[in-house]
2 protein chains.
Amino acid sequence: MKKNVTIKDVALAANVSIATVSRVINQNSSVNPEIKQRVLDAISMLNYYPNSAARSLKTHNTRTIAYLVSNISDYFFTTVGKGIEDVIKKYDYNLMLCNNANSEEVELAYIKLLQEKKVDGIILNTTGKNNELIAEISKDLPIVLSNRQVNHPDFRGDFIDFDNISGIYELTSHLISLGHRKIGIINGAIYLSTFRERFEGFAKAMKTIGVIVDNDYIYNYNGDGFSTFIDGYDGANYLMNLEEKPTAIVMTNSELAFGALKYFKSNNIRIPEDVSIVSFGDIVNRDILYVQPTITYTNLMGIGNKIGELMIERIEKNNQIINREIRFTTQIDYGNSTRKI
Amino acid sequence: MKKNVTIKDVALAANVSIATVSRVINQNSSVNPEIKQRVLDAISMLNYYPNSAARSLKTHNTRTIAYLVSNISDYFFTTVGKGIEDVIKKYDYNLMLCNNANSEEVELAYIKLLQEKKVDGIILNTTGKNNELIAEISKDLPIVLSNRQVNHPDFRGDFIDFDNISGIYELTSHLISLGHRKIGIINGAIYLSTFRERFEGFAKAMKTIGVIVDNDYIYNYNGDGFSTFIDGYDGANYLMNLEEKPTAIVMTNSELAFGALKYFKSNNIRIPEDVSIVSFGDIVNRDILYVQPTITYTNLMGIGNKIGELMIERIEKNNQIINREIRFTTQIDYGNSTRKI
DNA sequence: CTGTTAGCGCTTTCAA
DNA sequence: TTGAAAGCGCTAACAG
């Protein structure tokens, strides 16, 4: 049975009013040192913790920021989450990590829940399926979008992402410079801004060698955005069974790359002898994979830090900030997954 | 600026009392269908969400369970977390995932915070350094320990873990059956129950071939429990530079294995030609590593589900349950990392 | 510097 | 079945 020690008990024990106790807890107005010590003693003696529900009810803030992501097991999000936490902790905010599992319904339920919890802000890696609602609540609640844009004229908030176009452009250009011409792409669902942009970067690079990449491009495989691992596997399967196989493939994220690698390994397709590959984004434990894909990397903690700063600012300015967009540029980290042809 | 729609606004709009609105929200007592509809309409029109701080203040529960883990980027914890969530969602509880980063101080701060937030229960993968405090609060607050024991007579709560002893025993026995005698172990900090037990399982298996394994055992490397990846690397380095090298090594978790593999690969030590290895616990993307370690595996979602059930029961029974201990047995999944000698 | 008090938004008796 | 009203634990005027 929870016996709740309240501010009253402390006041009683210290023989002061509850207002005084409140003052020593919040350290803003000055209290007689001697009395303050008495209160402090009472607090530790009674093992008192202020009830944050009561506090929130009064102050209208919870000092809690939510980070709602599409896959809580993804190294990217958890690492970015650590970066966010580092910053917001300094301002005495806490992070609540939630998983929408790429589900429109779960995202909806969470948004509702987070509104009830009256979190002070939401950092959102959205499913891309609740744009209307998100735009609506963004008027009142600070929102920072992580990696996926909300396409709605009324949306208010910040957006942070990689520079997807230039990242993929460089990866693809690298393949081109090695002599590749028949280059495949395994991509995620293009209703998501990330994947749309990555596709664009690919098309832009291919255009430099006169290849038109559009929806009919034969070497294009599109996943549905739910299980990118399986999409990667299926995409590799599709591309490597074409009449005329590609000599190189661009994967637009690490999960896709994992799935594709699984396919290649299972089917004894050698990298880079049979096909060269490159992949967008950091890969955990890349050094001990059977092949080291050439990738783009970015400072993930740095992304998290930046997100944290944007959010804190937005909260402190009462959401009265025009929409901002931050792009992190990527660097190529060469592995052993490509060859000259 | 947040304009907060409250129960009062809804009552006004629907032309009923706030008590009636409360009744339709909580769906327990009966309300005239017509009035109910009026209230429902007002709720959706005003886009009203009940304030959970106010609700908590009144009901003394938050319908929130915290999962405080030592590394939020660890696949094990996030997957178990999903399993927990699946169960508790059914009972209308939410999960709050927090990271103590293996730090005694951060753990302390979180425990304090979670008390303030008045979470309904804490699922804890403890640092092992705050046993006294945890035992103290466990009297009032439901606690389920995930993978790390709290050694204190006053602790009340449940404990769930692998059957560490038999898991390592079997892995080690496998090496023995292949003819290995000089077998090394790379282990985590033994003030943690998990690693203590795994060491015990190892010693037990070695005893069957007459080898006494104690603290002076030459082929034993102990990490500090903070960065198991680096410990894995250092441990491999230590063992492979001994006068008389081991022919096989047992790693007691996957992070240790990753670090060791990194060492082996960097130093051109071949697996299993130069040394055989086995590792405790599931490994993500094992299929595409440069070698597939023989491991133990377990149904991680199942562990999460069980933790969720234990917690829900404990909450509903007001923490009036004697301490329970659940052990998940592991299965060996053979890779290509061992050889006969 | 300290105490009294109103009220945050909700649930839940108690009366009607 | 519905409404009035008390009170959850806290903060912040306001008064002294």
Side-chain angles (χ1 to χ4, degrees), chain A residues 1-40 42-43 46-64 92 113 115-120 140, chain B residues 1-40 42-43 46-64 92 113 115-120 140:
Chain A
M1 204 55 121
K2 282 192 229 178
K3 48 160 178 44
N4 274 301
V5 181
T6 76
I7 198 169
K8 257 186 194 164
D9 303 315
V10 177
L12 206 67
N15 198 25
V16 294
S17 74
I18 59 167
T20 301
V21 177
S22 177
R23 281 183 195 108
V24 339
I25 295 167
N26 294 299
Q27 318 189 3
N28 31 27
S29 53
S30 55
V31 178
N32 179 311
E34 193 186 316
I35 292 185
K36 183 174 173 181
Q37 194 51 53
R38 233 163 59 209
V39 172
L40 256 20
I43 286 176
L46 295 170
N47 202 24
Y48 165 75
Y49 296 102
N51 180 327
S52 61
R55 191 178 259 174
S56 295
L57 188 55
K58 192 71 197 168
T59 61
H60 293 281
N61 66 275
T62 53
R63 302 211 85 77
T64 301
D92 211 24
L113 174 76
Q115 299 242 90
E116 290 183 4
K117 295 258 181 210
K118 298 274 183 283
V119 294
D120 295 334
D140 303 320
Chain B
M1 204 55 116
K2 281 193 229 177
K3 49 160 178 42
N4 274 301
V5 181
T6 76
I7 198 170
K8 257 186 191 162
D9 303 312
V10 177
L12 207 66
N15 198 25
V16 294
S17 74
I18 59 166
T20 301
V21 177
S22 175
R23 283 184 193 107
V24 340
I25 295 167
N26 294 299
Q27 316 188 5
N28 31 27
S29 54
S30 55
V31 179
N32 179 312
E34 195 186 314
I35 293 185
K36 182 175 174 179
Q37 193 53 53
R38 233 162 61 209
V39 172
L40 256 20
I43 286 176
L46 296 171
N47 201 25
Y48 165 74
Y49 296 101
N51 179 327
S52 60
R55 193 178 257 175
S56 294
L57 188 55
K58 195 68 198 169
T59 62
H60 292 283
N61 66 276
T62 53
R63 305 211 82 77
T64 300
D92 212 25
L113 173 75
Q115 300 243 88
E116 290 182 3
K117 295 259 180 210
K118 299 273 182 284
V119 295
D120 295 333
D140 302 320

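Lettering of chains follows the sequences in order, A, B, ..., and the numbering in each one begins at 1.
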Chemist: Just to verify, what does B:N26 make a side-chain contact (heavy atoms from CB on, under 4.5 Å) with, not counting sequence neighbours?
Modeler: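 With sequence neighbours excluded, B:N26 shows a side-chain contact (heavy atoms from CB on, under 4.5 Å) to B:S22, B:N28, B:R55, given in chain and number order.
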Chemist: Going by the rule side-chain contact (heavy atoms from CB on, under 4.5 Å), which residues pair with A:R38 if we only count those two or more places apart in sequence or in a different chain?
Modeler: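 Residues passing side-chain contact (heavy atoms from CB on, under 4.5 Å) with A:R38: A:N15, A:V16, A:I35.
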Chemist: Under the criterion side-chain contact (heavy atoms from CB on, under 4.5 Å), which of A:I43, A:L46, A:N51 is the partner of A:V5?
Modeler: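 So, applying the side-chain contact (heavy atoms from CB on, under 4.5 Å) to A:V5 and each of A:I43, A:L46, A:N51, only A:L46 qualifies.
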Chemist: Using the side chain to side chain donor-acceptor pair (under 3.5 Å) criterion, which residues pair with A:Q37? Sequence neighbours excluded.
Modeler: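 Testing A:Q37 for side chain to side chain donor-acceptor pair (under 3.5 Å), a comparison that skips the adjacent residues, returns A:D41.
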Chemist: Between B:I35 (CD1) and D:dG3 (P), how many Å, whole number?
Modeler: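 Result: 6 Å.
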Chemist: Rounded to whole Å, please give me the gap between NZ in B:K118 and C1' in C:dC10.
Modeler: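 Rounded to whole Å, this separation is 18 Å.
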Chemist: Could you state the atom-to-atom distance from NE2 of A:H60 to P of D:dC10 in whole Å?
Modeler: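 The distance from NE2 of A:H60 to P of D:dC10 comes to 17 Å, rounded to the nearest Å.
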Chemist: What heavy-atom pair brings B:Y48 and B:T6 nearest, and what distance separates the two atoms?
Modeler: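 In this case the closest contact between B:Y48 and B:T6 is CE1-C, 3.5 Å.
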Chemist: Between P on C:dG3 and NZ on A:K8, what's the gap in Å once rounded to a whole number?
Modeler: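 Rounded to whole Å, this separation is 16 Å.
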Chemist: What's the CD-P distance between B:E116 and D:dG9, to the nearest Å?
Modeler: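 One finds 15 Å between P of D:dG9 and CD of B:E116, rounded.
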Chemist: Taking NZ from B:K117 and P from D:dC10, how many angstroms apart are they, rounded to a whole number?
Modeler: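 Whole-Å distance recorded here is 14 Å.
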Chemist: Find the distance B:D9:CG to C:dC8:P and express it as a whole number of Å.
Modeler: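 In whole Å, C:dC8 P lies 11 Å from B:D9 CG.
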Chemist: With a 4.0 Å limit, can you tell me whether A:Y48 has a side-chain N or O closer than that to the phosphate oxygens OP1/OP2 of D:dC10?
Modeler: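 Indeed, a polar side-chain atom of A:Y48 lies that close.
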Chemist: Go through the structure and list residues passing side-chain contact (heavy atoms from CB on, under 4.5 Å) with A:T64, not counting sequence neighbours.
Modeler: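 Partners of A:T64 under the side-chain contact (heavy atoms from CB on, under 4.5 Å) test: A:T62, A:M96, A:V119, B:K117.
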Chemist: Measure CD/B:Q115 against P/D:dG9 and give the value in whole Å, please.
Modeler: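 B:Q115 atom CD is separated from D:dG9 atom P by 15 Å.
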Chemist: By side chain to side chain donor-acceptor pair (under 3.5 Å), which residues pair with B:T20, not counting sequence neighbours?
Modeler: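 Partners of B:T20 by the side chain to side chain donor-acceptor pair (under 3.5 Å) criterion, ordered by chain and then number, come out as B:S17.
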Chemist: Could you identify which residues of residues 14-24 of chain B place a heavy atom less than 4.0 Å from some atom of DNA chain C, listed by residue number, or say none?
Modeler: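 The stretch gives B:I18, B:A19, B:S22, B:R23 as the residues lying under 4.0 Å from the strand, ordered by number.
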Chemist: For residues 50-58 of chain B, which residues have at least one heavy atom under 4.0 Å from DNA chain D?
Modeler: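 Those residues are B:L57, B:K58.
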Chemist: For B:L57 versus A:A54, what's the shortest heavy-atom pair and its separation?
Modeler: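 Minimum heavy-atom contact is CD1-CB, 3.5 Å.
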Chemist: Does B:I18 have any side-chain contact (heavy atoms from CB on, under 4.5 Å) partners at least two apart in sequence or in another chain, and if so, which?
Modeler: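 Only B:I7, B:K8, B:A11 meet the side-chain contact (heavy atoms from CB on, under 4.5 Å) criterion with B:I18.
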Chemist: Of B:N32 and A:I25, whose closest DNA chain D nucleotide lies nearer the 5' terminus?
Modeler: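 First, find each residue's nearest nucleotide; the 5'-ward one identifies B:N32.
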